[in-house]
Amino acid sequence: DATTTTTEAGPVSGDSGSTYCDRVREAEASDESPLDFSFFGKSAEELEKQFAANLSIFEQWRDIAPNEIKDDANTVFDFYRKFVDRGNELMWDLEAMADDEVFNSGFDDPALDAASVNLENHSRDVCGVDFSSTSGPAPGPGGGDEDSLGSLLGELGIPIPIDFLGE
């Protein structure tokens with residue numbers, strides 16, 4: 001029996017006045033992001049510290065997600081946690097990360113794709129913010145360079161910049 005997995009989301013509902021939506025709208029209005037996804041030109045120690053800080057921000061983001069998208073936020077957080085854990089195991093060696101099947105296979109998860117679609121739809125349909133319509137380089141250090149994970153976050157439907165620290 002073949003199983004078909006789809007990434008199409010169901011109907012979107014929620015409170016546009018939620019803390020989550022407030023933060024999404026703040027992120028849209030902000031030119032700065034506390035997240036840094038640049039890789040190149042940094043030492044392994046700098047990458048470890050940077051991605052640990054990002055993980056903390058993702059955790060805060062997950063914690064304010066409303067019930068309608070809580071499971072999706074957990075899915076994306078779990079993916080990012082595994083990404084950081086694997087980076088730590090590989091000692092943030094970029095060549096090792098690029099060649100690592102375990103590291104790269106995590107990006108091919110239908111559940112992650114579905115969760116990303118749901119988060120993007122919630123941000124757009126409930127919060128009134130469509131991050132997929134923005135163009136140009138990814139914000140934050142590294143900009144739109146090839147050393148940025150900003151494009152990954154865009155693919156995941158994660159709003160960028162996200163300022164869930166309220167700074």
Side-chain angles (χ1 to χ4, degrees), residues 1-28 30 33-39 47-48 50-90 92 97-98 100-134 138-140 142 148-166:
D1 292 323
T3 303
T4 303
T5 303
T6 180
T7 59
E8 290 189 31
V12 179
S13 64
D15 177 9
S16 65
S18 68
T19 301
Y20 177 87
C21 282
D22 289 344
R23 298 280 173 89
V24 167
R25 286 187 290 273
E26 289 170 15
E28 179 189 36
S30 173
S33 173
L35 297 169
D36 181 358
F37 297 102
S38 58
F39 279 91
L47 290 172
E48 182 178 5
Q50 165 189 315
F51 282 94
N54 288 348
L55 184 61
S56 177
I57 293 168
F58 271 94
E59 184 174 26
Q60 293 172 32
W61 169 75
R62 178 203 62 189
D63 291 346
I64 65 166
N67 288 334
E68 296 85 6
I69 57 169
K70 183 63 88 175
D71 289 342
D72 300 312
N74 280 321
T75 297
V76 172
F77 173 78
D78 288 344
F79 162 79
Y80 193 75
R81 183 177 37 86
K82 288 175 189 173
F83 168 85
V84 170
D85 289 347
R86 191 64 180 159
N88 288 334
E89 290 171 11
L90 297 171
W92 294 100
M97 292 168 71
D100 187 68
E101 287 183 37
V102 172
F103 181 81
N104 291 305
S105 68
F107 293 97
D108 297 323
D109 183 349
L112 178 63
D113 292 341
S116 300
V117 167
N118 290 339
L119 292 174
E120 182 176 336
N121 289 345
H122 186 87
S123 291
R124 183 190 62 235
D125 298 343
V126 176
C127 303
V129 176
D130 187 358
F131 287 100
S132 67
S133 68
T134 60
S148 174
L149 274 183
S151 59
L152 167 65
L153 292 181
E155 290 296 317
L156 295 177
I158 298 171
I160 306 171
I162 302 176
D163 183 4
F164 287 115
L165 297 176

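This one's a predicted model, so the numbers in the text were calculated from it and none came from an experiment. Just the heavy atoms: all of them, side chains too, but no hydrogens, waters or symmetry mates, feed the values below.
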Can you tell me how far apart [atom1] ([X]) and [atom2] ([Y]) are? Round to the nearest 0.5 Å.
{"X": "Met97", "Y": "Asn104", "atom1": "CE", "atom2": "CG", "value": "9.0 Å"}
{"X": "Gln60", "Y": "Leu55", "atom1": "CD", "atom2": "CG", "value": "10.5 Å"}
{"X": "Cys21", "Y": "Ile64", "atom1": "SG", "atom2": "CD1", "value": "9.5 Å"}

Is the centre of the Tyr80 ring less than 6.0 Å from the centre of the Phe77 ring?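 No, they do not, as the ring centres are separated by 6.0 Å or more.
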Tell me, do Phe83 and Asn54 make a side-chain contact under 4.5 Å, heavy atoms counted?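 They are not in contact (no side-chain heavy atoms under 4.5 Å apart), so the answer is no.
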Give a yes or no on whether the backbone of Val102 and the side-chain of Ser105 come within a donor-acceptor separation of less than 3.5 Å.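 Side chain of Ser105 to backbone of Val102, a donor-acceptor pair under 3.5 Å: yes, one is there.
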Just by distance, do the side chain of Arg25 and the backbone of Cys127 share a donor-acceptor pair under 3.5 Å?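 Flag set: sc Arg25 to bb Cys127 pair under 3.5 Å.
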side-chain contact (heavy atoms from CB on, under 4.5 Å) between Leu119 and Trp61, intermediate numbers included: CA-CA 12 Å; Leu119 292 174; Trp61 169 75; 3.4 Å; yes
Determine the minimum heavy-atom distance between [X] and [Y], stating which atoms define it.
{"X": "Asp72", "Y": "Ala115", "value": "OD1-CA, 3.4 Å"}
{"X": "Val76", "Y": "Ser116", "value": "CG2-OG, 4.3 Å"}
{"X": "Lys70", "Y": "Arg62", "value": "NZ-O, 3.1 Å"}
{"X": "Leu47", "Y": "Ser38", "value": "CD2-O, 3.7 Å"}

Please step through side-chain contact (heavy atoms from CB on, under 4.5 Å) for the pair Tyr20 and Asp63, ending with a clear verdict. CA-CA 9 Å; Tyr20 177 87; Asp63 291 346; over 6 Å; no
Please name all residues satisfying side chain to side chain contact (heavy atoms under 4.5 Å, CB included) with Glu89, sequence neighbours left out, ordered by chain then number.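 Per chain and number, Glu89 pairs via side chain to side chain contact (heavy atoms under 4.5 Å, CB included) with Arg86.
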Are any of the side-chain nitrogens in Lys82 or Asp85 under 4.0 Å away from the carboxylate oxygens of its partner?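 Salt bridge between Lys82 and Asp85, a charged N being under 4.0 Å from a carboxylate O: no.
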